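What follows is a single structure, written as structure tokens, with notes after it.
In this text the structure is predicted, and so the values were computed from the model without any measurement.
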Amino acid sequence: MEFSISGEDKMFLESVRSFAEREIAPRWVEIDERKWPIEEVAARLGDAGLIGIPLSSRYGGQDGTFLQAALAVEELAYADPSLATPVYVLLETAWPFIVQRYARDDVKEEVLPEVTKGRAFIGIGSTEPQGGSDVASFQTKAVRDGGVWRLYGEKNMVTGVTTILNLPYGGGLVAITRTGRPEDKHRGISTFLAPLKRRGTRVEGFEHRDWEEIGRHGLPTGYLRLEGLPVEDRFMLGELNGGFKIAMEGFNLARTVIGAASVGAARWLLDRGLEWIRQRAVFGRPIASYQAVSFKLAELYARLEAARLAVYKAAWIADRLYRGDPALSIGDIATAGAVAKYLAVGLAVETALEVMKWFGGASYFKETNVARVLLGALSYYVGAEGAENIMKLIIARNVVGKDYV
């Protein structure tokens with residue numbers, strides 16, 4: 001067992017760190033304040049080769065690994081701990097990879113090179129107003145109409161619709177829809193790459209509005225109403241009524257890289273907290289000298305190390321599986337991805353709260369920026385790609401068995 005990354009990965013990591021320190025870190029607050037639009041950030045990320053890292057070079061990807069994607073997202077989260085930039089990259093790691101695996105060649109050749117250039121965005125259209133994690137009960141319908149499918153229904157908490165409309169090519173969503181009977185549950189689910197803007201032209205058949213979020217302001221999230229959105233049959237991913245497993249596969253991969261983003265944010269928080277407790281004196285001593293502070297820092301540091309290892313292991317499992325290791329299965333990624341997200345997201349939130357206590361009243365001011373990180377991490381703590389209890393449910397089912405949990 002080797003606890004270090006390869007020389008190639010070290011060189012890759014250094015290049016990402018250099019880019020992040022130069023391009024992102026000086027302006028991350030501007031991103032969170034919406035003064036530097038995510039579309040311009042996407043163009044810089046595309047030029048640096050940081051979008052679609054595991055994608056084939058045929059489509060402008062790096063022929064890279066999920067471990068490299070995790071390393072990159074952790075560094076981008078350290079540079080932008082509001083999480084807008086790393087979330088953009090992690091979404092464009094997981095869902096374009098699913099498109100690469102399951103879309104027709106002509107669809108991949110049209111869309112994926114635009115994604116890797118930062119000219120298009122592929123999001124996930126999953127959560128519905130009545131809930132998000134019970135995918136088998138989704139109500140959004142895809143109805144065949146001549147040579148196309150028409151999508152009807154509502155999707156909520158959809159990241160990036162406005163981004164799609166603002167980018168030069170545009171993009172779309174991996175839309176989870178019902179093509180079978182409601183009683184078919186997961187056996188009646190199909191997934192489509194549903195274009196919202198294609199080749200610079202908005203597609204008719206949907207309405208949307210962005211929510212006013214409490215954090216991670218740089219990347220918009222909103223509500224989407226589908227009113228007969230046309231999707232060509234060739235944009236179906238996989239087989240008819242075979243979309244449930246495809247969607248779950250995408251979520252498993254996304255959760256792994258979400259863990260990496262949370263590790264990067266937690267690292268930023270601990271570094272800022274460490275600077276503060278060394279210089280801040282109370283009763284003539286640095287507050288770092290008090291065990292109530294230093295022991296808590298030790299606990300958070302140890303948990304950071306554990307969470308990082310969990311993330312790297314999940315990425316390693318994904319890489320081994322997609323290289324054809326017969327000893328691994330999609331279920332292994334599901335468990336490892338859930339563990340990575342569970343450990344890392346909770347850590348980021350708890351670290352933010354603890355560091356805010358170290359800063360005291362100063363943490364309540366925007367100028368200290370610590371609260372920005374808390375609000376960004378909360379997005380993944382309370383729901384996105386599954387709330388904390390959903391991660392526990394996934395782990396319990398896979399460890400104990402579905403017949404018992």
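Under the 4.0 Å criterion applied to side-chain N and carboxylate O atoms, E227 and R150 are not assigned as salt-bridge partners. A salt bridge is defined here as a Lys NZ or Arg NE, NH1 or NH2 lying under 4.0 Å from an Asp or Glu carboxylate O, and E74 with R308 meets this definition. Ion pairing between a basic and an acidic side chain is recognised when a charged N comes within 4.0 Å of a carboxylate O; E75 and R267 show such pairing. In summary, R372 and E33 engage in a salt bridge, as defined by a charged side-chain N under 4.0 Å from a carboxylate O. Note on E114 versus R198: no salt bridge recorded, every NZ/NE/NH1/NH2 to OD/OE distance being 4.0 Å or above. Comment: E299 engages R303 in a salt bridge, judged by a side-chain N to carboxylate O separation of less than 4.0 angstrom. Salt bridge R44/E23: present, at least one basic N to carboxylate O contact under 4.0 Å.
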Residues K155, Y223; criterion side-chain contact (heavy atoms from CB on, under 4.5 Å); working and verdict: CA-CA 6 Å; K155 294 295 184 182; Y223 164 85; over 6 Å; no
side-chain contact (heavy atoms from CB on, under 4.5 Å) between D332 and L321, intermediate numbers included: CA-CA 9 Å; D332 293 311; L321 175 70; over 6 Å; no
Check against side-chain contact (heavy atoms from CB on, under 4.5 Å), W358 and S363: CA-CA 8 Å; W358 298 347; S363 69; over 6 Å; no
Derivation of the side chain to side chain donor-acceptor pair (under 3.5 Å) call for E110 and Y169: CA-CA 10 Å; E110 176 187 337; Y169 174 95; 2.4 Å; yes
Trace of the side-chain contact (heavy atoms from CB on, under 4.5 Å) decision for R202 with L165: CA-CA 7 Å; R202 174 175 171 146; L165 298 179; 3.7 Å; yes
I'd like a table of donor-acceptor pairs (distance under 3.5 Å, sequence neighbours excluded) in which one partner is a side-chain atom from residues 48-60, with atom names and distances.
| unit_1 | atom_1 | unit_2 | atom_2 | d |
| --- | --- | --- | --- | --- |
| S56 | OG | R58 | N | 3.0 |
| S57 | OG | D63 | OD2 | 2.8 |
| R58 | NH2 | E109 | OE2 | 2.3 |

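Between E249 and R101, the closest side-chain pair of non-hydrogen atoms falls below 4.5 Å. Under the 4.5 Å side-chain criterion, counting only non-hydrogen atoms from C-beta, L67 is not in contact with W316. The closest side-chain heavy-atom distance from I124 to F251 is below 4.5 Å. For the pair D47/K117, no side-chain contact is recorded, criterion being any heavy-atom separation below 4.5 Å from C-beta on. Proximity of F206 to R225: side-chain heavy atoms (C-beta onward) are nowhere separated by under 4.5 Å. Counting heavy atoms from C-beta on, the side chains of E21 and Y78 never come closer than 4.5 Å. Using a 4.5 Å cut-off on side-chain heavy atoms (C-beta onward), V107 and R234 make contact. With contacts defined as side-chain heavy-atom distances shorter than 4.5 Å, the pair R119/L167 does not qualify.
Using a 3.5 Å distance cut-off with no hydrogens or angles, the side chains of Y152 and Q139 do not pair a donor with an acceptor. Checking E128 against N156 by side-chain atom types alone, no donor-acceptor pair falls below 3.5 Å.
Here ring pair (Phe, Tyr, Trp, His ring centres under 6.0 Å) pairs that include residues 23-49, with residues two or more places apart or in two chains, are W28-W268. Applying the ring pair (Phe, Tyr, Trp, His ring centres under 6.0 Å) rule to pairs touching residues 106-127 yields Y88-F121, sequence neighbours excluded.
In this structure, D210 and P220 approach most closely via the heavy-atom pair OD2-CB, 3.7 Å. When all heavy atoms of A261 and L83 are compared, the pair lying nearest together is O-CD2, 3.8 Å. In terms of heavy-atom proximity, L253 sits nearest to A318 at CD2-CB, 4.0 Å. Taking each heavy atom of A142 and L151 in turn, the nearest pair found is CB-CD1, 3.9 Å.
The environment of CZ in R187 is sparse: at most 12 heavy-atom neighbours from other residues, nucleotides or ligands sit within 6.0 Å. For R278, the CZ atom counts as loosely surrounded, since its 6.0 Å shell holds 12 or fewer non-hydrogen atoms of other residues, nucleotides or ligands. Around CE of M157, the count of heavy atoms belonging to other residues, nucleotides or ligands within 6.0 Å does not exceed 12. Heavy atoms from other residues, nucleotides or ligands lying under 6.0 Å from CZ of R272 number more than 12. Atom NZ of K245 is surrounded by 12 or fewer heavy atoms from other residues, nucleotides or ligands within 6.0 Å.
Here CE of M248 is found 8.0 Å from CD1 of I394. Values are rounded to the nearest 0.5 Å. Rounded to the nearest 0.5 angstrom, E275 CD and R280 CZ are separated by 15.0 Å. Taken from NZ in K313 to OG1 in T256, the straight-line distance is 12.0 Å, to the nearest 0.5 Å. The structure places CD1 of I176 at 11.0 Å from OG of S190, a figure rounded to the nearest 0.5 Å. Annotation: the span from D325 atom CG to L328 atom CG amounts to 4.5 Å, rounded to 0.5 Å. Note that the CZ atom of F66 and the CD1 atom of I333 stand 7.5 Å from one another [nearest 0.5 Å].
Residues passing the side-chain hydrogen bond (donor to acceptor under 3.5 Å, both in side chains) test with T221 are T159, E213, R216, sequence neighbours excluded. Judged as a ring pair (Phe, Tyr, Trp, His ring centres under 6.0 Å), and not counting sequence neighbours, Y380 has no contacts. Under the rule for a ring pair (Phe, Tyr, Trp, His ring centres under 6.0 Å), the partners of W276 that lie at least two apart in sequence or sit in another chain are F359.
Applying the side-chain contact (heavy atoms from CB on, under 4.5 Å) test between L173 and each of T191, I122, L196 identifies L196 as the sole match. Of the candidates L90, V311, V73, L91, L90 is the only one forming a side-chain contact (heavy atoms from CB on, under 4.5 Å) with I258.
Checking side-chain atoms of T140 against main-chain N and O of G153 turns up no donor-acceptor pair under 3.5 Å. Side-chain atoms of N166 do not come within 3.5 Å of backbone N or O of T163 as any donor-acceptor pair.
Aromatic ring centres of Y290 and F295 lie farther apart than the 6.0 Å criterion allows.
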